[in-house]
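This report refers to the structure that appears directly beneath it.
Along the sequence shown, the residues carry numbers beginning at 1. This one's a predicted model, so the numbers in the text were calculated from it and none came from an experiment. Every heavy atom of this structure was used, including side-chain atoms; hydrogens, water molecules and symmetry mates were not.
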Amino acid sequence: MEKLNNVILFTGDSSAALRKNLSAWTASFVEKYGDMNVATVRVGETQPSSVATELLSTPFFAEK
């Protein structure tokens with residue numbers, strides 16, 4: 001069975017560095033696979049019910 005890695009977490013103490021790395025990664029991913037395969041959940045800005053909705057959405061079940 002093929003192992004899929006559909007969840008990528010960016011963590012750390014420097015929010016500026018995190019935003020820079022996340023923006024670069026997202027731009028590269030969108031260029032390669034398209035923006036339909038990206039979902040962003042921001043802690044403190046997203047309601048728990050919205051997290052559940054994101055986990056059941058197309059990007060989460062996408063191949064990439």
Ignoring hydrogens and angles, tell me if any N or O in the side chain of Ser23 forms a donor-acceptor pair with the backbone of Arg19 under 3.5 Å. yes

Would you call the rings of Trp25 and Phe29 parallel, tilted or perpendicular, taking 30° and 60° as the class edges? parallel

My understanding is that only residues two or more places apart in sequence, or in another chain, count here; which of them pass side chain to side chain contact (heavy atoms under 4.5 Å, CB included) with Leu22? Phe10, Thr26

